[in-house]
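Order of the sequence lines fixes the chain letters, A, B, ..., with proteins taken first and strands second; residue numbering starts at 1 for each chain. Just so you know, these numbers use all the heavy atoms, side chains as well, and skip hydrogens, waters and symmetry mates.
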Amino acid sequence: MESLWLILSDPNTRWVLAACVLLGLSSGVLGCFALLRKHSLLGDAFAHAALPGICIAFMLVGSKSITLFLIGAVVAGLLAAACIQAITRYSRIKEDTALGLVLSVFFGFGIVLLTKIQQSANGNQSGLDSFLFGKAASLVGTDVKVMMGVAAVLLFVCWLFFKEFKLLSFDPGFGRGLGLPMGLFNALLMLLIVLAVVIGLQAVGVVLMAAMLIIPALAARYWTERLDRMIVLAGLFGALSGAAGTLVSSLTYNMPTGPVIVLCATALFLLSLIVAPQRGLAVKGMRRIKLRSRIAEENLLQSLYDLAEKDLLAGRLRPGIGYRIAQLIERRPTAPKAALRTLRRLHRDGLVKRVGAAQGLETRWMLTDKGGELAYELTLHQRMWEIFNMYEGVLGSFKWDGRQGGLAEQLPPEVLQEVDRLLDAHELKPRLTFAGGGRA
Amino acid sequence: MEHPVTVENLTVAYHQKPVLREVEFSVPKGKLIGIVGPNGAGKSTLIKSILGLIPRASGEVQIFGKPYKQERRRIGYVPQRESVDWDFPTSALDVVLMGRYGHIGWFRRPSSKDKALAMSALEKVGMADYADRQISQLSGGQQQRVFLARALAQDAEIYFMDEPFVGVDAATEKAIIALLTELKHQGKTVLVVHHDLQTVTEYFDWVLLLNIRLIEFGPTEEVFTAENLQKTYGGRLSLLQESGNLSAFKA
């Protein structure tokens with residue numbers, strides 16, 4: 001804690017910290033739109049394309065100036081965007097290939113220029129190579145002030161055009177139909193993304209900057225179903241990564257800031273991936289386990305029902321007749337141990353009961369009235385569904401939505417009637433009814 | 001008589017190949033119109049090119065006798081459901097509110113009046129209970145209803161709909177048709193891309209038969225004849241008839 005305080009008392013570190021928070025914030029916010037527009041890789045192309053722009057700006061002026069670098073990088077980024085658009089429009093090359101092509105050509109050109117600069121007279125002091133992997137320590141007060149200005153403009157424009165950018169990301173065709181200049185908003189958003197990428201270059205570097213655009217936005221998506229909250233969260237995640245990365249790297253000897261920032265963002269993403277409500281892996285896994293055990297329960301109930309129904313039709317059904325696990329497994333194969341576990345759960349819920357155990361016989365199982373009612377409904381639904389699928393061509397197209405209740409609730413009445421008739425015709429109508437339940 | 005939509009000499013080409021050729025027609029006011037034709041006939045292309053979503057090789061479109069660009073506000077568009085990513089972080093009400101964006105103007109946020117209008121549009125399509133639901137949690141039919149509500153919130157005079165009945169349940173199809181009929185009674189004009197020949201006479205007052213070029217356009221009882229269908233579908237019709245007999249049961 002004390003060493004942290006010591007570090008923060010150094011004005012240089014404070015500038016670096018401010019810069020990294022700003023770059024995380026703005027790339028997080030803009031990253032949301034890039035991600036939702038399915039333009040995640042565009043950030044990568046912009047970042048790589050910025051390198052020749054920065055080099056040319058330096059060669060023209062001969063000194064380091066963040067404002068000039070910004071202008072050079074933005075011009076190069078926009079040129080790259082124009083190239084990508086031209087390639088996809090006028091050739092058969094698809095967008096991903098065009099992206100790869102433009103990215104590598106611009107980057108290659110940038111490396112050539114960089115090498116040239118470093119071999120020249122004032123090359124050694126230039127420190128331009130810090131743009132490759134980022135060098136947060138090279139940031140000074142004037143750089144950070146420019147970054148602050150740019151970040152403020154970015155956030156303000158995003159706030160101003162929130163509604164328009166949202167429409168652009170969700171359904172640009174509809175926006176054009178409304179008469180809104182979607183092309184203009186698209187160009188503006190591109191420019192903002194280029195700016196967000198460019199202000200992060202000096203700290204994080206050309207190679208890793210795309211990660212800062214994608215990762216915080218992706219992490220934020222796991223936590224919310226609202227765009228405004230997603231943007232705020234992504235900005236927070238980005239800023240947090242920037243701060244944590246700076247502090248961790250300054251506490252540790254010889255640790256590069258940029259990559260650590262990216263790793264911090266990745267840690268946040270992994271955390272979101274696992275623990276987020278609704279979308280997180282943990283919740284999803286739990287849901288899958290629950291679903292699997294529910295299916296196992298339903299299968300066993302239906303097997304018990306099938307066996308009892310068969311005995312009923314053969315005139316063998318006596319009160320209190322039960323079935324062995326082996327018989328159940330024969331109908332719907334499962335591992336015996338798993339079947340036993342499922343039966344115990346059903347027993348606990350009062351859906352099945354044991355018979356015959358007292359006489360020292362092998363345990364047999366039968367449906368209780370409550371279990372029988374449920375088994376009747378399940379069997380009826382399953383057989384209706386089979387009939388419906390068999391005659392789908394005749395009954396008309398219909399998409400059953402399991403979230404909206406059973407088949408019987410969703411089919412139009414006349415189709416339901418026909419399904420009922422077909423059930424009879426195929427002798428598939430469940431015959432066995434239980435006290436208080438089941439429509440025979 | 002004033003025509004809501006007039007299309008003159010419309011030709012659209014993808015990569016040199018014409019997909020719509022010299023289409024001309026004038027739509028009468030207050031009618032429910034089906035745009036019918038085989039796959040690849042250019043039905044969706046017709047709508048999209050009228051709306052300026054894809055470039056026209058040639059042709060003019062007039063809305064109430066004025067150039068399309070001036071009268072854009074009077075047109076509502078319901079795109080195919082698959083045209084957007086439904087895993088977008090937004091609610092049903094939010095999507096419907098997008099229909100108001102043309103009225104709201106730049107920068108401004110939707111007002112409480114816009115929200116009330118969006119809510120009543122959701123009510124009209126029977127989706128009021130789902131206003132706050134995330135859109136990926138809606139079924140296909142419900143998503144289609146949300147799109148319809150968005151067009152209603154736009155409060156347009158002419159509506160273009162691209163296959164609104166694809167992948168929806170029977171209840172939604174009935175609800176949509178009832179709503180379109182209501183719009184028609186309010187004097188609005190509705191054009192629907194449709195591919196189910198069996199429901200054409202039941203649903204539409206007028207039919208536009210399309211296969212690259214315009215085959216016929218007029219009142220359903222006059223135009224929707226075996227002869228015209230033969231002209232539109234050619235050899236493919238016999239196949240359709242066979243499957244049509246199979247599904248004759250469908251109400």
Checking [X] against chain A: side chain, backbone, both or neither under 4.5 Å from a heavy atom?
{"X": "B:Ile135", "answer": "side chain"}
{"X": "B:Val78", "answer": "neither"}
{"X": "B:Phe160", "answer": "neither"}

Considering only heavy atoms from C-beta outward, does the side chain of B:Trp106 approach that of A:Phe185 to under 4.5 Å? yes
Hey, does the side chain of B:Arg74 reach the backbone of B:Glu157 with a donor-acceptor pair shorter than 3.5 angstrom? no
Residues A:Arg279 and A:Glu225 bridged, charged N to O under 4.0 Å: yes
Lys/Arg N to Asp/Glu carboxylate O, A:Glu418 vs A:Arg421, below 4.0 Å: yes
Under a 4.5 Å heavy-atom cutoff, which of [options] has the most pairs with chain A?
{"options": "B:Asp94, B:Asp87, B:Leu97, B:Thr90", "answer": "B:Asp87"}
{"options": "B:Arg108, B:Lys69, B:Arg150, B:Gln134", "answer": "B:Arg150"}
{"options": "B:Arg73, B:Lys48, B:His103, B:Gln154", "answer": "B:Gln154"}

So what's closer than 4.5 Å to chain B heavy atoms on A:Lys166: side chain, backbone, both or neither? both
Counting heavy-atom pairs under 4.5 Å to chain B, which of A:Arg176, A:Arg221, A:Arg226 comes out on top? A:Arg221
Of A:Met182, A:Arg229, A:Glu164, the largest count of non-hydrogen pairs under 4.5 angstrom with chain B goes to A:Glu164
Only one of A:Leu213, A:Leu188, A:Leu42, A:Leu154 passes side-chain contact (heavy atoms from CB on, under 4.5 Å) with A:Ile193; say which it is. A:Leu213
Please determine which of B:Gln144, B:Arg145, B:Arg133 meets the side-chain contact (heavy atoms from CB on, under 4.5 Å) test together with B:Leu138. B:Arg133
Is it the case that the side chains of B:Ser44 and B:Asp162 hold a donor-acceptor pair, with the cut-off being a distance below 3.5 Å and no angle test? yes
